[in-house]
Amino acid sequence: MELQFYNTLSRKKEIFQPINPPHVGMYVCGPTVYGDAHLGHARPGITFDIIFRYLNFIGYKVRYVRNITDVGHLENDSDDGEDKIAKKARLEEVEPMEIAQFYTMRYLQAMDMLNVLRPSIQPTASGHIIEQIEIVKKILDAGYAYVSKGSVYFDVLKYHKDTQKYGILSNRVIEDMLQTTRELDGQDDKNNPADFALWKKAEPEHIMRWPSPWSEGFPGWHLECTAMSAKYLGEKFDIHGGGLDLLFPHHESEIAQSVCAFGHQPTNYWVHNNMITIEGKKMGKSLNNFITLEELFNGTHRLLKKAYSPMTIRFFILQAHYRSTLDFSNDALTAAEKGLKRLLEAQRNISKISPKADGSDLNIKSLIESSMQAMNDDFNTPIVISHLFSAVSIINSIVDGKEKINSQGLEDLKTLFNSYLGDILGIKDEQVSDMMPTVEGLVNLILDVRKQAREEKNWAKSDEIRDKLAEVGVKIKDSKDGVSWSLE
RNA sequence: GGUCUCUUGGCCGAGUGGUUAGGCACCGGUCUGCAAAACCGUCUACUCCAGUUCGAAUCUGGAAGAGACCUCCA
């Protein structure tokens, strides 16, 4: 089966056909850097990381662009026209760029911990003001924008009248929208409430501002993605991704901007990840019910019973399909943690297996084949994981001496785990560290002492050592062949 | 109010018109000085009502509940 995935534009799965193979251009809406990354940010980070990894795995040359939004995105619920970063900067009395820089670094650190690969290009909105102004000019020249009191607005009604396209992505009927759009501050300058800002004149107190032909101000909500995707991927590229909550108005408006500036839509495939919920509600800034990634890693949030490692978070997210909502709970995370541990222990055990000439290949190839089919069918990572667990059972049976595997089968096992668990799902073994040789030496030394106690049938001493080691996170397993241990 | 989506066993979560998803938890067994791990086995499903069909959790219609978007949001 060829790679196919769900295109929000057509509302169905489509075979993936890049414009210019083997090259693929992918643009994903990144974070607005005015606060710490939360669990919700991990989802698109990981979803598009998987797509990036898989496209590379099957041989494409992917240019992956993920922006950093460090200007724009007006905040409507408070001081009109002041943008988020400027507002935060005023509160903390620092330069806006200081805020943006600080949270950009924090975001990247969190993504690194989740083993999310860095994109090919990470452009910032503030670094592309000139490109954005150029697009405003194009849209003005095409007649689909108007200047009003130093600001420039996109004329949604005219666009829709001429193209019938406003709502094409989000399935909205513009006539309905006109009746339901709320009254907001600063709407007086617009011809129509549905119009959106391409360029906004800065009020005197607004501290982030750039010169333009229309006013000193800043670019509108949706412009940066149009400008930066066109600059780095071309006016037409392959995949545009982001969270489902960006579908409207953000992505709908991007389409409108592209059609007016370039004469066509920006991308062939629109991909949206679903939300992470908490107690059934979307986790988000506005609801103030989010848990930051740092809190998850430290276990410091009031809703957390314990800390969860970055790989646990990653595995938790991959156990659900990216287009389903995923509900956060301690029970679900604990289940993910235990499952991941079992998976990684089996992976470590592969190196202990020696092939037998009279063994079978145990048909590991079929698991590899099924895993590929699952990825090709809309990046179905939960199915891939279920195949990996099938392999776990096989590995454990071999270690138990209940099955024998030949060298071909063993090679296939290594391929399955290295490719699918490692390269594609991006799950790495967090136990492997520089300290391991030292830890190994120490633990083995202690286990020698325990072995002596056991030979003397000094069970009290033996158990004491086992319990004390458990307290510091070293778990002992006695078996017929001797003792083995692992870090918790 | 408008548009859209969802409702799977104790929990999380896949999925196809007829065949075991998977993980976690629970229970029984094997192993063990004990424990843990592992292995073997068992048990819990498809919100409700009606229809199409030889057969539907999967298709159609209706009901109830939940959620998303309509305003910045991943």
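Numbered from 1 within each chain, the chains take letters A, B, ... in sequence-line order.
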A.B. asks: For the P atoms, the ones on G17(B) and on C59(B), what distance do you get once it is rounded to whole angstrom?
C.D. replies: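 One P to the other, the span is 8 Å.
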A.B. asks: Measure from the side-chain N and O atoms of R66(A) to the backbone N and O of V28(A), and report whether any donor-acceptor pair falls under 3.5 Å.
C.D. replies: no
A.B. asks: Check whether Q132(A) reaches the backbone of A125(A) with its side chain - one donor and one acceptor, N or O, closer than 3.5 Å.
C.D. replies: yes
A.B. asks: For P266(A), enumerate each residue passing the side-chain contact (heavy atoms from CB on, under 4.5 Å) test, keeping only those at least two apart in sequence or located in another chain.
C.D. replies: F237(A), I255(A), S258(A), W270(A)
A.B. asks: Aromatic ring centroids of H251(A) and H222(A) under 6.0 Å?
C.D. replies: no
A.B. asks: When you measure from the centre of the six-membered ring of Y322(A), is the NZ or CZ of R43(A) closer than 6.0 Å and no more than 45° off the axis?
C.D. replies: no
A.B. asks: For this output row, return yes or no: ring centroids of Y166(A) and H160(A) closer than 6.0 angstrom.
C.D. replies: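 Between Y166(A) and H160(A), the centre distance exceeds or equals 6.0 Å.
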A.B. asks: Could you tell me if S309(A) and T312(A) have a donor-acceptor pair between their side chains, going purely by distance under 3.5 Å?
C.D. replies: yes
A.B. asks: Just to be sure I understand the rule, does H38(A) reach a base, reach only the sugar-phosphate, or reach nothing, if contact means heavy atoms closer than 4.0 Å?
C.D. replies: base
A.B. asks: Could you work out which one of A36(B), G2(B), G13(B) sits closest to the side chain of R172(A)?
C.D. replies: G2(B)
A.B. asks: Ignoring backbone atoms, test whether K282(A) places a side-chain nitrogen or oxygen under 4.0 Å from the OP1 or OP2 oxygen of C69(B).
C.D. replies: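 For C69(B), OP1 or OP2 has a side-chain N or O of K282(A) closer than 4.0 Å.
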A.B. asks: Of all the nucleotides listed (G13(B), A38(B), A36(B)), which has the minimum atom distance to the side chain of D400(A)?
C.D. replies: A38(B)
A.B. asks: Which value, in whole Å, describes the distance between the C1' atoms of nucleotides A14(B) and G9(B)?
C.D. replies: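 After rounding to an integer number of Å, I get 14 Å for this pair.
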A.B. asks: Given E456(A) and K461(A), is the salt bridge (charged side-chain N to carboxylate O under 4.0 Å, His left out) satisfied, shown in steps?
C.D. replies: CA-CA 10 Å; E456(A) 293 159 11; K461(A) 190 75 187 169; over 6 Å; no
A.B. asks: Sugar-phosphate atoms are those with a prime plus P, OP1 and OP2; base atoms are the rest. Using that split, label each nucleotide of nucleotides 18-24 of chain B B, S or - for protein heavy atoms under 4.0 Å, 5' to 3'.
C.D. replies: ---BSBS
A.B. asks: Mind checking ring pair (Phe, Tyr, Trp, His ring centres under 6.0 Å) for Y269(A) and listing every partner two or more places apart, or none if nothing turns up?
C.D. replies: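 If we apply the ring pair (Phe, Tyr, Trp, His ring centres under 6.0 Å) test to Y269(A), skipping adjacent residues, the hits are F5(A), F16(A).
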A.B. asks: Roughly how far apart, to the nearest Å, are G2(B) and U71(B) at atom C1'?
C.D. replies: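 These two C1' atoms come out 15 Å apart once rounded.
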A.B. asks: Any idea which of A74(B), C40(B), A14(B) is nearest the H321(A) side chain?
C.D. replies: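 Among A74(B), C40(B), A14(B), the one nearest the side chain of H321(A) is A14(B).
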A.B. asks: Taking only side-chain N and O atoms of N380(A), does any of them lie within less than 4.0 angstrom of OP1 or OP2 on G15(B)?
C.D. replies: yes
A.B. asks: Nearest whole angstrom, please: distance from the C1' of A38(B) to the CD1 of I353(A).
C.D. replies: 13 Å
A.B. asks: With a 6.0 Å cut-off on ring centres, are Y308(A) and F297(A) close enough?
C.D. replies: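 No, they do not, as the ring centres are separated by 6.0 Å or more.
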A.B. asks: Once you apply a heavy-atom cut-off of 4.0 Å, does K457(A) come out as touching a base, just sugar-phosphate, or nothing?
C.D. replies: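 Result for K457(A) = nothing.
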A.B. asks: Shortest non-hydrogen contact from V156(A) to A194(A)?
C.D. replies: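 Heavy-atom minimum between the residues: CG2-O, 3.2 Å.
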A.B. asks: Which of these nucleotides, A74(B), G13(B), C39(B), is closest to any side-chain atom of N396(A)?
C.D. replies: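 Looking only at side-chain atoms, N396(A) lies closest to C39(B).
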A.B. asks: Toss me the dot-bracket line for RNA chain B: Watson-Crick and G-U wobble, both under 3.5 Å, 5' to 3', using | for pairs to another strand and [ ] for crossers.
C.D. replies: (((((((..(((.....[...)))..((((.......)))).....(((((..]....))))))))))))....
A.B. asks: Salt bridge (charged side-chain N to carboxylate O under 4.0 Å, His left out), that's the test. Do K356(A) and E403(A) meet it? Break it down for me.
C.D. replies: CA-CA 10 Å; K356(A) 298 280 191 293; E403(A) 288 275 13; over 6 Å; no
A.B. asks: Give L326(A) one of three labels, base, sugar-phosphate or nothing, depending on what nucleic acid heavy atoms sit under 4.0 Å from its own.
C.D. replies: sugar-phosphate
A.B. asks: Please check this pair: side chain of R314(A) against backbone of L114(A), looking for a donor-acceptor N/O pair closer than 3.5 Å.
C.D. replies: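 Yes; at least one donor-acceptor contact below 3.5 Å.
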A.B. asks: Counting any heavy atom closer than 4.0 Å, what does G280(A) reach on the DNA or RNA strands: base, sugar-phosphate only, or nothing?
C.D. replies: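 Since only primed, P, OP1 and OP2 atoms lie under 4.0 Å of G280(A), the category is sugar-phosphate.
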A.B. asks: Between R172(A) and F248(A), is NZ or CZ placed under 6.0 angstrom from the six-membered ring centre and within 45° of the ring axis?
C.D. replies: yes
A.B. asks: Answer yes or no: does a side-chain N or O of S329(A) lie under 4.0 Å from OP1 or OP2 of C11(B)?
C.D. replies: no
A.B. asks: When the P atoms of A74(B) and C70(B) are considered, how many whole Å apart are they?
C.D. replies: 13 Å
A.B. asks: Scan N273(A) against the nucleic acid and name what it touches under 4.0 Å (heavy atoms): base, sugar-phosphate only, or nothing.
C.D. replies: base
A.B. asks: Less than 3.5 Å apart, any donor N or O on the side chain of N376(A) or E2(A) sitting next to an acceptor on the other?
C.D. replies: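 Judged by distance alone, the side chains do not pair up.
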A.B. asks: Assign a letter to each nucleotide of nucleotides 4-10 of chain B from its 5' end: B, base within under 4.0 Å of a protein heavy atom; S, sugar-phosphate only; -, no contact.
C.D. replies: -------
A.B. asks: One character per nucleotide, please: for nucleotides 26-35 of chain B, 5' to 3', B when the base has a protein heavy atom closer than 4.0 Å, S when only the sugar-phosphate does, - otherwise.
C.D. replies: -------BBB
